[in-house]
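Notes follow the structure.
Quick caveat: nothing in here was measured; it's all calculated off a predicted structure. FYI, the numbering just counts along the sequence from 1. Note that ligands are numbered from 1 as they come in the structure, with each ligand's atoms numbered from 1 the same way.
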Amino acid sequence: MEQCAYIGLGSNIGDRELKLLMAIAELGKLPQTRVTAVSPFYETEPVGGVPQDNFYNAVVRLNTEMAPLELLDRLKRLETEVFRRVPSERWGARSMDLDILLYGELVSDSEELTIPHPRLAERRFALQPLSDIAPDLVHPILGKRIIELLTELTSPGKVVRI
Ligand SMILES: Nc1nc2c(c(=O)[nH]1)N=C(CO)CN2
């Protein structure tokens, strides 16, 4: 069955805007998948304490028939094969980070994959672009709309629309 999945994109190495555009093009080539919404791009302060360059972040909506773990596998392959991402420190700089934020109404916590993304509600760099394309979407655990989560967010984390 086709599901809506929301993917968070982030890059802070090289031509960040070009990398986001390339990632969106690659997502559109995935099997059984269509890109059905793309958020504006934001330049965002790095979160997580490691001193590094600002990120560009965006969120896309996919309509996909791929199962969550299949989608995860495809995203990890894109990160390594297309963007040559190398293993780096946990919160460190990255050429391209592709995270499944939400997958339909699914709530899942396995070793490989936690959905919704466990830090979604704390991250302005994810909530802001997500709220641009899906403000009324309800977080399946917190039971609140994305726009509410964004409004209630107290942590700073500057984000600037490009
Ligand atoms: N602003 C911003 N900060 C981050 C990001 C990111 O995508 N944007 N990704 C990280 C690694 O998951 C760590 N910190």
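Within the structure, ligand 1 has Arg123 among the residues with a heavy atom less than 4.0 angstrom away. By the 4.0 Å heavy-atom criterion, Gly48 is excluded from the residues contacting ligand 1.
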Review item, side-chain donor-acceptor pairs of residues 25-35, under 3.5 Å, at least two apart:
unit_1, atom_1, unit_2, atom_2, d
Glu26, OE2, Lys29, NZ, 3.0
Thr33, OG1, Pro31, O, 2.7
Thr33, OG1, Thr64, OG1, 2.9
Arg34, NH2, Glu2, OE1, 3.4
Arg34, NH2, Glu2, OE2, 3.2

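Salt bridge present: Lys144 and Glu152 bring a charged side-chain N and a carboxylate O closer than 4.0 Å. Between Lys19 and Asp15 there is no salt bridge, since none of the side-chain N atoms of the basic residue sits less than 4.0 Å from a carboxylate O of the acidic one.
By the 3.5 Å distance cut-off applied to N or O atoms, Gln52 is not counted among the residues near ligand 1. By the 3.5 Å distance cut-off applied to N or O atoms, Asp99 is not counted among the residues near ligand 1.
Every atom of ligand 1 with a heavy atom of Asn57 under 4.0 Å away is listed here by number and element: 1 (N), 2 (C), 6 (C), 7 (O), 8 (N). Near Asp97, the atoms of ligand 1 lying under 4.0 angstrom from a non-hydrogen atom of the residue are 11 (C), 12 (O).
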What's the verdict on salt bridge (Lys or Arg N to Asp or Glu O under 4.0 Å) for Glu122 and Arg119, showing C-alpha distance, side-chain angles and the deciding distance? CA-CA 5 Å; Glu122 307 155 19; Arg119 289 171 296 282; 5.7 Å; no

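Residues meeting the salt bridge (charged side-chain N to carboxylate O under 4.0 Å, His left out) test with Arg61, sequence neighbours left out: none.
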